[in-house]
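Notes follow once the structure below has been shown.
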Amino acid sequence: MKFEDYRISPEIKRNLALLGFKKPTDIQFKSIPHILNGEDVLAIAQTGTGKTAAFAIPVIDMIHHQKKSTRSEGIKCIVMVPTRELALQIADVFNTIGKHSRVKTFCVFGGVEQDPQIARLEKGIDVLIATPGRMFDLVSQGHLHLDQIQIVILDEADHMLDLGFIKDIRDLIKFLPKRRQTLFFSATIDEKIKELAYSLVHKPIRIQISPKNPVSKNVDHSVAFIKMDDKRFFLERLVNENKDTKILVFVRTKVRAERVKNAMERVGIKCMTLHGDKDQSDRFNVLNAFRNGEVKLLIATDVTARGIDIPDVEFVVNYDMPDKDENYVHRVGRTGRGTKRGIAISFCSEEEKPVLAQIEEYLGYPVKILEIEKESYDETIDFSSANQADWRKLLKDEEKNKKKSRKK
Ligand code: ADP
Ligand code: MG
C-alpha cells in the first residue's frame, strides 16, 4: 500500500511526497490504522525504521480534521522525549509533515530561557514536544495546561520510563485527563519496563517488528579486538581510509571524548565532540556542523545516541564499549537509517571482553569478529602520523647527537 491510498488529508500526502516517502515502513503500516482508530499502542521497532512518522502522520491527520470542524483551543497532543536534540528533531518532522495543515507544533526543553517558550505557548499550539523536566516546570508555574490533552506519546519509551525520568513522568501524568490515547514507541524494551508501560495504557495494541534481532538489518556490525592504547591508531586509519565519510564515534565519558579529540587533532584530523558538559547552543552547533557535513568526525558520549537521525552517517565506531547493553543497539542504530545501509565497528580491548559477552547475550547471538592480521595490526600503529612524527623527531635527535659527538 502506498501513502497515496491512505485515507489521510491531501496536505499530508503532498508533504510525504515532497519528503520522498512513497510507501509506509513496516512499523508505519502496522501502527497508523490503530492510532487513527484511537487505540493505545505499544510499538517496538528497530532503530531508523521511521517510528517518528508512524505517530506523526496519524496525529497530524486527526488534529487537522478536528480543527476543521471545531474551534478547539489548548494543546491536544504531547510527545515526551529524553533530550533537547530529539525534541527539536521531532518537532521538525511534525512541522514538515504538517506543513499547510491546521496543526501547530512547538517544542520546549530545559537549558534555555523560559520566557520565549511561554510567549509562544500563549499563542496557542496543538502538539507540544518536550523533555519532561521543563514541561513539569511550565505546568507547575501555570504556563502550560494539560487538561485538553487527547494523545500522549512517549518516544524512546523504555528510557522515559526508566529511573532517570519516571518520577517526572508520573508527576506529569497526574495533570493529564484520564480519557486519553497513549502511545509508546521504542527500539528496545525489557520486561520490567514493559510491565510498567502496560500499567499506563488501556487495552493496548502491541506491535513488535523483528523482535529476534534488535539491531536493524541495515546495520552491518562487527567487533575488532584492539588494545586500549592502540585504539587511536585504528581510528586514525579508519578516518584516513574513509575520507569524506561521516563517522560517529562513541566513547564512555566526556573526558574520554576530549582525549580522543586531542589525539585525532595531533595527527591532523579535524573533529568535534558532543557531550553533556557542553551548553545547549554548543551542542546545537556541533550537531548541525555534523549534520550538514562541515565536520566528518564526531566524538560523542551516549547522551546523543537515542533517537538522533543524522543523514548519511556511514560508520559508527564504539571506541569504548557501551556501559548498558541496550545502548549498543542505540549507538549502532545511528547508521543504516531509513533505506540506507551502514557499518558499525566496536573496538574491544581485553578488559572489555566481559562487556562484549554481556552485549552478545542481550542480542541473542555473537557479534561478527573482524579479524585483524598481526601484520596489519602492527602496520596500523607504525604508519600512524603520530609515530611518524616521533620517528622524525628521533632521527633528528640522533642527527644532533651525531653532530655533537663529531664536534667533540
Ligand atoms: P526511528 O525513530 O525508528 O529510529 P526515524 O523516525 O528517525 O526512525 O526515521 C529514520 C529515517 O527514515 C528518517 O531519516 C526518515 O526521514 C526516514 N523515513 C521514515 N519513514 C520513511 C518512509 N516511509 N519512506 C522513506 N523514508 C522514511
Ligand atoms: Mg526515533
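Counting starts at 1 for both ligands and their atoms, in listed order.
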N/O donor-acceptor pairs under 3.5 Å from side chains in residues 356-363, not counting sequence neighbours:
from	atom 1	to	atom 2	distance (Å)
E360	OE2	V367	N	2.8

Among E351, E352, E236, which residue meets the salt bridge (Lys or Arg N to Asp or Glu O under 4.0 Å) test with K231?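 Single pass found, and it is E352.
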Sort and list the pairs that fulfil side chain to side chain donor-acceptor pair (under 3.5 Å) and have at least one residue in residues 92-113, not counting sequence neighbours. none
side-chain contact (heavy atoms from CB on, under 4.5 Å), that's the test. Do L42 and Y198 meet it? Break it down for me. CA-CA 8 Å; L42 181 63; Y198 273 115; 3.8 Å; yes
Between F290 and K246, is there a cation-pi geometry (under 6.0 Å to ring centre, at most 45° from the normal)? yes
What residues form a side-chain hydrogen bond (donor to acceptor under 3.5 Å, both in side chains) with D171, not counting sequence neighbours? K167, K174
For each nitrogen or oxygen atom of ligand 1, which protein N/O atoms lie closer than 3.5 Å, and how far apart are they, rounded to 0.1 Å?
from	atom 1	to	atom 2	distance (Å)
ligand 1	3 (O)	T49	N	3.1
ligand 1	3 (O)	G50	N	3.1
ligand 1	3 (O)	K51	N	3.0
ligand 1	3 (O)	K51	NZ	2.9
ligand 1	4 (O)	G48	N	2.6
ligand 1	4 (O)	R337	NH2	2.8
ligand 1	6 (O)	K51	N	3.3
ligand 1	6 (O)	T52	N	3.0
ligand 1	6 (O)	T52	OG1	2.6
ligand 1	7 (O)	R337	NH2	2.9
ligand 1	8 (O)	G50	N	3.2
ligand 1	8 (O)	R337	NH2	3.2
ligand 1	14 (O)	D309	OD1	3.4
ligand 1	14 (O)	D309	OD2	2.6
ligand 1	20 (N)	Q28	NE2	2.8
ligand 1	23 (N)	K23	O	2.9
ligand 1	23 (N)	Q28	OE1	3.0

